[in-house]
Amino acid sequence: MITPWDVSDDLDYKKTMEQFGVNPISEIVKTLKEPHNFMKRGIVFGHRDFQKIADAMNNGKDFTVVSGMMPSGKMHFGHKMVVDQLLYYQKYGADIYIPIADLEAYWARGMDFETTKKLAIEEYITNYIALGLDPEKIHVYLQSKNETVKDLAMRLSKRVNFTEMKGIYGFSGETNIGHVFAPVVQVADILHPQLEKKVPVVVPVGIDQDPHIRLTRDIAGRYKDFKFIAPSSTYHRFITGLLGGKMSSSKPETAIYLSDEPTKSFKKKVMSCKTGGRETLEEQKKLGGVPEECVVYELYTYHLIEDDKELKKLYDQCKSGELTCGTCKKECYQKLVEFMTDLQEKREQAKEVAAKLL
Ligand code: SF4
């Protein structure tokens, strides 16, 4: 069972899509005037009902984006992927809602409200703004302070029962009631923008969050009087950690944090990450590398090379054996340092603005 709180390292995306009934997004991507690189590169691979959003984007119509977060540790390049997608939708003028799941953090992880708020402001919102989100155009809120969301969650919970929640999330008799209720608050997070403006909404998530999307779409259909439009969703791949497996906030050796500094240890971390290189230099020159199994190539694809031609050139050079992993990793490190240095400056400017948003 895959739930928002438990997803394995070796996720089979194809099987999960079939199991959950998620559709491939590639055909709709072809109809978009300017698809995001993640979409063109297969990083965003699946969707529910995205056609509504594609139509809105192609025809200059209004739509909303909801992207919740539960702050846990430092922001890394996996978290950045969500912001990259928000920036894309921001260009289309979408209204962006960013709920901070402090209630869920309390119920599911035992985090106190003050700690969650501090982490949300200093680490997440500050980085979100530094990365380019316009603070004037986003709606950031703490679940615990949003009366509209809480009221809606209470109303919606009338038509959800424990058997259903257990079936979707695997809750046991030991699970605290707050934790069982937390997904209904998320449903309210996703649906409440429609109380103000009835336009389609998209939720860009990792596939582990699909249980929330399924629940939201089901509940939306149970309340005819609200006339909710069932939310759309897109699903992106998880970025691989530096050693293979998952990138995790709590495992520094696997993660590139947005606040990493160009220290010796950071360089060592990048230079010793898992590549698709061969055992020896001789073999590499003869057989070429395997970019499909390379964390460095993934970093280039997800975050460091915007231009498709430049990426293709690197791929070809790797495959032909022209490029060696040592050189390739050094260039990756340089790009990371440039990115971090620039972001660090922007973060300094964003701090104050972020603190005022909550
Ligand atoms: Fe990866 Fe670069 Fe080595 Fe190719 S040359 S396997 S892309 S590190």
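The basis for the numbers below is simple: all heavy atoms, side chains too, and nothing from hydrogens, waters or symmetry mates. Just so you know, ligand 1 is whichever comes first in the structure, and atom 1 is the first atom listed for that ligand.
- For the 3.5 Å distance criterion, the side chains of Asn127 and Arg347 qualify, holding a donor opposite an acceptor.
- Taking the six-membered ring wherever Trp is involved, the centroid distance between the rings of His79 and Tyr128 does not fall below 6.0 Å.
- Scanning the protein heavy atoms around atom 3 (Fe) of ligand 1, the nearest turns out to be Cys325 SG, 2.3 Å.
- Against a heavy-atom cut-off of under 4.0 Å, Gly276 is close to the following atoms of ligand 1: 6 (S).
- Given atom 2 (Fe) of ligand 1, the protein heavy atom at minimum distance is Cys328 SG, 2.4 Å.
- Atom 4 (Fe) of ligand 1 has an N, O or S atom of Cys318 closer than 2.8 Å.
- Atoms of ligand 1 found under 4.0 Å from any heavy atom of Gly277 (numbered from 1 in listed order, with element): 6 (S).
- In terms of protein heavy-atom proximity, atom 1 (Fe) of ligand 1 is closest to Cys294 SG, 2.3 Å.
- Tyr333 and Glu338 share no side-chain donor-acceptor pair at under 3.5 Å.
- Taking the six-membered ring for Trp and the full ring otherwise, the centers of Tyr223 and Phe228 sit at least 6.0 Å from each other.
- Partner Tyr141 forms a side-chain hydrogen bond (donor to acceptor under 3.5 Å, both in side chains) with one of Asp102, Asn146, Thr148, Asp189 and no other, that one being Asp189.
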